[in-house]
Student: 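Sharing a structure below in C-alpha cells format, with a few things to ask.
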Amino acid sequence: MKPRLTLATAGRVLRQVRADPRTIALLIVVPCVLIGLLAWVFSGTPVFDAIGAPLLGIFPFVVMFLVTSVATLRERTSGTLERLLTTPLGKADFLLGYALAFGALAIVQALVATGFAVWVCGLDPVGPTGLLVLVAVVDALLGTAFGLFVSAFARTEFQAVQFMPAFVLPQFLLCGLLVARDEMPTVLHWISNVLPLSYAVDAMTLVSTSADATGQVLGKVGIVLAFAIGALLLGSLTLRRRTA
Amino acid sequence: MDEPAVLVQDLCVVRGSRTVLPGLTVAVPRGQVVGLLGPSGGGKSTLLRAIVGVQIIESGTVTVLGEPAGSAGLRSRVGYVTQSPSVFADLTVTQNLRYFASLVGASSASIAEAITAVDLTSHADTRVGELSGGQHSRASLAAALVGSPELLVLDEPTVGLDPVLRRDLWELFHRLADAGTTLLVSSHVMDEATRCDRLLLLREGVILADDTPDGLLRRTGAADAEQAFLTLIEAEPAA
Ligand SMILES: Nc1ncnc2c1ncn2[C@@H]1O[C@H](COP(=O)(O)OP(=O)(O)OP(=O)(O)O)[C@@H](O)[C@H]1O
Ligand SMILES: [Mg+2]
C-alpha cells in the first residue's frame with residue numbers, strides 16, 4: 001500500500017463526482033427528502049421519534065452501497081480498472097482510495113441529513129446529536145465497503161443494481177426496525193446477529209432513546225466498522241489483477 | 001542489452017472454452033517498433049494482455065525487460081493502452097493525465113509533453129467524454145506516454161484516425177524508439193505494416209511471420225504488405 005497513490009485515487013474519484021453535480025445533489029437531497037416525508041407522514045404521532053434515527057443510519061448505507069457498486073463496476077467495464085492494475089497502483093490503494101473519497105462524501109451527507117432531521121423535522125434524540133452524525137458516517141462507510149466488495153461479483157450494471165434488493169433488503173427486514181430483534185423467531189434473531197445493519201440500527205436506537213449510552217453506542221459503531229474493514233479486505237481478495 | 005524486451009515461450013492461453021494461444025513463442029527486440037498484425041480474433045489483444053500481465057495464462061512463460069510479466073517492478077516501466085480507450089470520461093484530458101502521472105511518479109512537464117505528442121493541446125481542458133472518437137483514443141494513448149515507460153504496449157492505437165494523424169503518430173513511435181523505447185503495436189491496417197521495424201503476423205494464435213517488412217516482401221514475392229499477408233495466410237490454410 002502506498003499512501004500517495006491512495007490519496008491520488010481518492011482525489012481522482014472526488015474530481016469525477018464533482019464533474020457530476022446531479023449525483024451530488026441526489027446524494028445530499030434524497031436522504032433529506034425521505035426523512036422529511038417520513039416526518040410528515042407520521043406528524044402528530046411518536047413514530048418519527050422512534051424510527052427517524054434508525055432510518056438516518058439506513059439511508060446513507062443504501063445510497064453509498066448503490067453509488068459505490070455502480071462506480072466500481074463502471075471502472076471494470078470501461079477498461080480503466082484493467083489499465084490501472086498494470087500501473088504501480090495496488091489493489092488496496094484502489095479500494096482505500098474509493099473508501100476515502102466516498103467517506104468524505106458520506107460526512108457531508110450525514111451532516112446535512114442529521115441537521116435536517118433535527119432542526120427542520122424536529123427529531124429529538126435523547127443522546128447527543130453528534131453521535132447520530134458519527135453513526136450515520138460509519139453506516140455510509142459500511143455501504144461503500146460493501147459496494148466495493150459486491151461489485152466484484154457483478155458483470156453488468158443490471159446485476160449490480162439487483163444486488164441492492166439482494167443484499168440490502170434482507171438486512172433491512174432483519175435489522176430490528178420493523179420487529180424488535182429479540183422478538184423475532186430464534187433463527188432470524190441469530191441471522192440478524194451476523195448482519196452489520198442490525199448493529200447500525202441498534203446504535204441509532206440507543207442514541208435516540210438513552211442519554212448515557214455513549215460507551216454502548218461506540219461498541220456498536222466498532223462492530224459496524226469491523227464489518228466495513230472485513231468487506232474491504234474481502235474486496236481486495238476478490239479484486240483480481242489477472243482475468244480470463 | 002542483447003536480451004529481448006519481451007520473450008514469450010510456449011505461451012498457452014485458454015479463454016472461455018477456446019484455446020486462443022496454443023503454445024506461442026516469440027521475441028520482441030529492444031528499441032524497435034514491432035507491429036502485431038493479423039485477422040480479427042486471432043489473439044492479438046490476448047497476447048498483449050499476457051505481456052502486461054493481466055491475462056490468466058494456462059502455461060508457458062512471458063518475460064518482460066528481464067522480469068516475469070506483471071511483476072511489481074515492471075509496473076512503472078511498461079505502458080499499456082487497451083483496445084477500447086480507457087480513460088475517465090468525466091475528467092478532462094489534463095486531469096486524466098495528472099492522475100496517471102501521479103501513479104507512475106511522472107513530472108508535470110511530462111503531462112504537457114504527452115498532450116502535445118498526441119496533438120490534443122487545444123483540447124487539454126475538455127472532458128474526455130466530449131471528445132471525438134479519435135481524440136478519445138489519443139487521450140488514452142497520452143495516458144500511457146507520461147512517465148516515459150521503457151516498453152509501450154499499444155492495442156490498435158491508430159484505429160479511427162485520419163492519414164495525417166496516423167503518419168504523425170507513427171513518427172512519434174519512431175522518435176520514441178530512437179530514444180530507446182520498445183514499442184509493440186497491434187493493428188489491422190496493413191499499410192501500417194511498412195511503417196514498422198519488424199512485423200509479427202498472428203493468425204488463430206499462431207505466428208505466421210516474424211520478419212522485417214522488406215524480408216517479408218522478398219520472401220513472398222508480393223508487391224505490398226497486404227498482398228504478402230494474403231499470400232502467407234492462403235499458403236497455410238486454417239486448422
Ligand atoms: N473476455 C473474453 N472471454 C472469452 N473469450 C474471449 C474474451 N475476449 C476474447 N475472447 C476470444 O479470444 C479470441 C482472441 O481474441 P482477441 O481479442 O485476442 O483477438 P484480436 O486479435 O485482438 O482481435 P481484434 O483484431 O478483433 O481486436 C477470440 O476468439 C475471442 O472470441
Ligand atoms: Mg484486439
Side-chain angles (χ1 to χ4, degrees), chain A residues 1-24 26-27 67 70-98 100-102 105 155 157 236 238-244, chain B residues 13-18 20 45-46 48-58 64 69-92 94-96 98-106 127-130 140 143-144 146-147 149 151 153 155:
Chain A
M1 210 192 92
K2 306 167 206 78
R4 196 177 52 81
L5 302 191
T6 309
L7 288 177
T9 303
R12 183 266 293 174
V13 173
L14 283 176
R15 232 162 271 131
Q16 283 181 283
V17 175
R18 204 179 56 190
D20 186 357
R22 198 175 299 177
T23 294
I24 301 182
L26 287 172
L27 276 177
V67 170
V70 170
T72 37
L73 188 77
R74 233 173 34 153
E75 292 248 15
R76 219 178 275 276
T77 49
S78 70
T80 46
L81 181 62
E82 168 171 328
R83 179 178 204 160
L84 289 178
L85 291 177
T86 68
T87 72
L89 183 75
K91 292 189 281 186
D93 300 321
F94 177 81
L95 291 172
L96 284 179
Y98 262 97
L100 278 183
F102 284 126
L105 284 177
R155 291 280 159 268
E157 279 85 351
S236 75
T238 47
L239 189 61
R240 290 265 169 265
R241 221 173 262 282
R242 285 181 187 268
T243 52
Chain B
V13 174
V14 177
R15 299 185 85 169
S17 56
R18 197 183 292 269
V20 178
S45 298
T46 305
L48 298 183
R49 275 169 47 84
I51 289 171
V52 296
V54 295
Q55 176 67 51
I56 293 176
I57 64 176
E58 199 72 9
V64 177
S71 48
L74 286 175
R75 294 199 193 120
S76 53
R77 301 170 66 198
V78 177
Y80 173 42
V81 178
T82 51
Q83 182 162 357
S84 45
S86 48
V87 275
F88 301 99
D90 30 20
L91 297 182
T92 68
T94 309
Q95 286 174 331
N96 265 289
R98 208 174 286 144
Y99 177 57
F100 282 101
S102 70
L103 294 185
V104 294
R127 276 211 237 158
V128 167
E130 290 158 12
S140 186
V146 292
L151 171 68
V153 177
D155 202 349

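Throughout, protein chains are lettered first and strands after them, A, B, ... in sequence-line order, and every chain is numbered starting at 1.
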Student: Is it the side chain or the backbone of L81(A) that comes within 4.5 Å of chain B heavy atoms, both, or neither?
Tutor: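 It is neither, since no heavy atom gets under 4.5 Å.
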Student: Flag this pair as yes if the NZ/CZ of R15(A) is under 6.0 angstrom from the six-membered ring centre of Y99(B) and inside a 45 degree cone about the axis; otherwise no.
Tutor: no
Student: Taking every heavy-atom pair that is under 4.5 Å apart, which of D93(A), V17(A), T87(A) has the most such pairs with chain B?
Tutor: T87(A)
Student: Can you say whether R127(B) sits under 4.5 Å from chain A via the side chain, the backbone, both, or neither, judging by heavy atoms?
Tutor: side chain
Student: Could you tell me which non-hydrogen atom of G79(A) sits nearest to which non-hydrogen atom of T82(B), and how far apart they are?
Tutor: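 That closest heavy-atom pairing would be O-CG2, 4.5 Å.
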Student: Given 3.5 Å as the limit, does a donor-acceptor pair link the side chain of R242(A) with the main chain of G70(B), or not?
Tutor: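 Flag not set: sc R242(A) to bb G70(B) has no pair under 3.5 Å.
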Student: Would you mind checking which part of S76(B) comes under 4.5 Å of any heavy atom in chain A, side chain (CB onward), backbone (N, CA, C, O), both or neither?
Tutor: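 Both parts, backbone and side chain.
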Student: Is a side-chain donor or acceptor of R49(B) paired with a backbone partner of T243(A) at a separation under 3.5 angstrom?
Tutor: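 It does hold such a pair.
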Student: Please give me the minimum heavy-atom distance between V104(B) and P88(A), naming the atom from each residue.
Tutor: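 Looks like CG1-CD, 3.9 Å.
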Student: What I'd like to find out is whether the side chain of S102(B) reaches to under 4.5 Å of the side chain of R12(A), using heavy atoms alone.
Tutor: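 No - every pair of side-chain heavy atoms lies 4.5 Å or more apart.
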Student: In terms of heavy-atom proximity below 4.5 Å to chain A, should A144(B) be classed as side chain, backbone, both, or neither?
Tutor: both
Student: So do the side chains of R83(A) and V81(B) get within less than 4.5 Å of each other, counting heavy atoms only?
Tutor: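 They are in contact (side-chain heavy atoms under 4.5 Å apart), so the answer is yes.
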Student: Which one, G147(B), P85(B), A143(B), leads in non-hydrogen pairs under 4.5 Å with chain A?
Tutor: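 Ranked by heavy-atom pairs under 4.5 Å with chain A, first place is A143(B).
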Student: Compare all side-chain heavy atoms of V78(B) with those of T86(A) and state whether any distance is below 4.5 angstrom.
Tutor: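 No. Closest side-chain heavy atoms not under 4.5 Å.
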Student: Is Q55(B) in contact with chain A via its backbone, its side chain, both, or neither, using a 4.5 Å heavy-atom distance?
Tutor: both
Student: Given the options R240(A), K2(A), E75(A), R18(A), which has more heavy-atom pairs under 4.5 Å with chain B than any of the others?
Tutor: E75(A)
Student: Considering all heavy atoms of both residues, which atom of F88(B) and which atom of Q16(A) are nearest to each other, and what is their separation?
Tutor: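 Taking F88(B) first and Q16(A) second, the nearest heavy atoms are CD2-NE2, 3.4 Å.
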Student: Based on non-hydrogen pairs under 4.5 Å, which of D20(A), L89(A), T9(A) is most in contact with chain B?
Tutor: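 The residue among D20(A), L89(A), T9(A) with the greatest pair count is T9(A).
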Student: Taking side chain as everything from C-beta outward and backbone as N, CA, C, O, which of these in S140(B) sits under 4.5 Å from a heavy atom of chain A? Side chain, backbone, both or neither.
Tutor: both
Student: For R18(B), does the CZ atom sit with more than 12 other heavy atoms under 6.0 Å from it, leaving out its own atoms?
Tutor: no
Student: Taking side chain as C-beta onward, heavy atoms only, is V52(B) less than 4.5 Å from E82(A)?
Tutor: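 With C-beta onward as the side chain, the pair stays apart.
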Student: Look up atom CZ in R4(A) and atom CG in L103(B), then write down how far apart they are to the nearest 0.5 Å.
Tutor: 8.0 Å
Student: How about R74(A): does its CZ atom have over 12 heavy atoms from other parts shown lying under 6.0 Å from it?
Tutor: no
Student: For V87(B), is it the side chain, the backbone, both, or neither that has a heavy atom closer than 4.5 Å to a heavy atom of chain A?
Tutor: both
